[in-house]
2 protein chains.
Amino acid sequence: MMEPVSLPAIPRLALCGGTHGNELSGVYLVREWQRKKAEKEVESVDVVTVIANPRAVQQCRRYIEQDLNRCFTSAILSIPVSDETPYEIVRAQELATLLGPRGSDGAVDLICDLHNTTANMGLCLITNSDCDWIALHIYKHVQTKMSSMPVRLLSLNLTPDESYYLASVGKHDVSIEIGPQPHGLVRADILSSMKEGVQLILEWIRLFNSGTEFEGGVVEVYTHVKNIDYPRDPETQDLTAIIHPQLQDRDFCLLSPGDPLFLSFSGETVVYKGEEPLYPIFVNESAYYEKGTALVLTRMKKVEIPPLRVKKSGEGE
Amino acid sequence: MMEPVSLPAIPRLALCGGTHGNELSGVYLVREWQRKKAEKEVESVDVVTVIANPRAVQQCRRYIEQDLNRCFTSAILSIPVSDETPYEIVRAQELATLLGPRGSDGAVDLICDLHNTTANMGLCLITNSDCDWIALHIYKHVQTKMSSMPVRLLSLNLTPDESYYLASVGKHDVSIEIGPQPHGLVRADILSSMKEGVQLILEWIRLFNSGTEFEGGVVEVYTHVKNIDYPRDPETQDLTAIIHPQLQDRDFCLLSPGDPLFLSFSGETVVYKGEEPLYPIFVNESAYYEKGTALVLTRMKKVEIPPLRVKKSGEGE
């Protein structure tokens with residue numbers, strides 16, 4: 001049994017949508033939140049709502065010049081801005097100031113950035129650290145309470161400087177990646193599950209802030225191992241094979257050496273030749289064709305999390 | 001029983017993909033065909049292969065400046081070209097010359113244009129006329145033989161001048177619309193079904209050209225009635241409701257007055273208020289959000305088709 005831990009309250013949550021302008025569940029959920037706020041349906045937690053890439057949302061494209069959710073590394077955030085600076089770099093710097101700066105006392109306590117995927121990933125929470133007890137307790141809560149789809153957590157384990165994604169500028173980050181949903185449309189079932197996920201995150205924060213003590217336990221965390229590209233023609237870079245029908249839609253199902261990975265256009269099966277069984281995610285995500293990623297392989301590990309409660313005012317470190 | 005009909009052979013088929021640059025099944029199927037041709041795997045039918053919008057394919061977007069598959073009206077095809085003419089208008093005029101001109105002796109005998117939809121439409125053949133016996137016999141053949149998904153036929157019934165789509169420049173047109181598949185990716189199962197559909201069309205043409213007499217019969221044809229838009233905010237034009245979860249994925253399932261149509265963001269159900277039960281198609285097609293179309297309503301009718309065989313050389317009209 002781990003020793004109980006106490007951590008500062010989470011007074012402020014940033015709920016972000018439209019970081020990718022064609023991932024519409026988050027766009028519509030954030031707009032709904034903004035409407036509710038206008039109607040004075042106030043939450044006890046201070047929820048800041050942000051449409052992260054409004055130009056891309058307006059054009060219903062992932063991005064205008066470059067992928068905003070890869071622009072939050074310390075290197076890109078410190079590029080001097082000129083008239084030629086790509087829109088997304090300018091916007092990333094604005095957002096990093098608004099919601100961060102990363103590592104500062106003024107940073108938002110928790111950022112939840114809302115994404116869709118064409119892959120059959122259910123509700124996948126994404127956080128950086130697999131020893132951020134706030135994120136892991138939120139995961140445990142959402143996974144236990146969620147009724148409409150399976151819930152997993154992916155941890156990225158990046159250093160602060162190399163953290164490339166919007167939510168990394170907050171003190172804590174728990175983003176939602178939900179699918180399958182084609183980009184550029186809204187499905188009522190997926191929107192409803194995303195809403196349920198956000199409500200459960202807020203429920204946990206309210207309980208935590210008001211002094212509830214959460215039991216420890218063990219959670220399953222998926223960690224990034226490597227990205228696998230499609231087989232391509234060495235000259236043209238065109239795909240020569242696609243995701244094998246036996247792998248399609250099987251995100252988070254163990255892939256063992258010898259299992260089918262790709263099916264070539266001439267009908268041959270390409271098998272997984274790794275030495276270790278791993279869990280594929282983002283299988284056939286349309287936005288990753290241009291990134292050279294057909295799927296992402298992850299390892300699953302069990303993480304013991306300690307009992308957790310809020311640090312009372314005056315309580316020492 | 002209808003009298004037998006004889007019609008000229010179909011020596012030349014145009015197989016087009018990438019008319020919408022992010023509908024990838026057709027792009028990859030046409031490329032495979034081109035590879036096979038290069039390897040001298042020759043068909044007895046002359047198959048012309050075309051990537052219709054190569055710039056859009058290269059950028060994996062539906063179109064560059066405007067929807068190519070709305071550019072084939074007589075009015076647009078006769079616009080004088082200048083340096084400012086949108087790319088797709090220039091390209092439409094090139095294609096209309098290459099595969100048409102519409103109504104001329106030189107036009108390709110049959111055009112099959114390959115499309116994807118995010119809607120759950122299975123394999124939907126699209127043709128202009130519901131009294132084109134070539135198209136309707138091909139439909140009967142594909143519907144009878146297709147093993148992997150349901151097959152229907154939509155007829156548009158446009159005049160030649162107002163026919164806006166690529167395949168309309170051929171002597172006959174039978175296009176394939178297949179889904180559900182998100183745009184910008186290839187699913188092996190959908191590609192395989194599209195390939196099966198194309199092979200069945202070719203099989204029918206070979207049988208027809210070689211003198212097989214086809215029995216008459218009755219086929220179910222869906223005809224366009226009207227497009228329905230999403231409920232929108234009158235000021236901002238933003239959606240105020242989305243496809244109801246009970247309608248989602250139910251393309252070609254009869255929609256009766258009083259059935260749920262939309263679910264508003266505030267949770268209210270908007271029902272179908274038409275007087276006549278109709279068949280919805282293109283339900284939640286992502287490319288139609290910008291066109292103001294949430295779904296298309298169609299009427300189903302039974303069409304009797306005559307026995308058909310090829311016209312022998314020297315046979316009169």
Under a 4.5 Å heavy-atom cut-off, does chain A meet the side chain of B:D238, its backbone, both or neither?
->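 Only the side chain of B:D238 comes within 4.5 Å of chain A.
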Compute the ring centroids of A:F252 and A:Y279, then answer whether they are less than 6.0 Å apart.
->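 When the ring centroids of A:F252 and A:Y279 are compared, they turn out to be at least 6.0 Å apart.
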Centroid separation B:Y230 to B:Y289 less than 6.0 Å |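 Yes - the distance between ring centres of B:Y230 and B:Y289 falls below the 6.0 Å cut-off.
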Side chain, backbone, both or neither: which part of A:Y288 has an atom under 4.5 Å from a heavy atom of chain B?
->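 Contact with chain B involves no heavy atom of A:Y288 at all.
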Can you check whether A:I178's main-chain N or O pairs, donor with acceptor, with A:Q181's side chain at less than 3.5 Å?
->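 Not at all, since once roles are kept as given, no pair shorter than 3.5 Å links the two residues.
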Just give me the residue among B:I242, B:N22, B:L191 that pairs up with chain A most often, heavy atom to heavy atom, under 4.5 Å.
->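 Most pairs with chain A among the choices: B:I242.
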Option that, when pairs with chain A are counted at under 4.5 Å, heavy atom only, ranks first among B:R31, B:H183, B:R61 =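 Going by pairs under 4.5 Å, I would pick B:R31.
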When only pairs under 4.5 Å are counted, which of [options] shares the most heavy-atom pairs with chain B?
| options | result |
| --- | --- |
| A:T118, A:V186, A:L24 | A:V186 |
| A:P180, A:S266, A:G184 | A:G184 |
| A:L29, A:I243, A:D249 | A:D249 |

So among B:I281, B:L261, B:D229, which one has a side-chain contact (heavy atoms from CB on, under 4.5 Å) with B:L295?
->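 Testing B:L295 for a side-chain contact (heavy atoms from CB on, under 4.5 Å) against B:I281, B:L261, B:D229 leaves exactly one candidate, B:L261.
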Verdict with supporting geometry, A:K195 and A:E32, salt bridge (Lys or Arg N to Asp or Glu O under 4.0 Å) | CA-CA 10 Å; A:K195 202 168 162 176; A:E32 194 191 338; 2.9 Å; yes
Check: A:H244/A:D259 side-chain N/O donor and acceptor closer than 3.5 Å |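 Their side chains do not contain a donor-acceptor pair, so the 3.5 Å distance test is not met.
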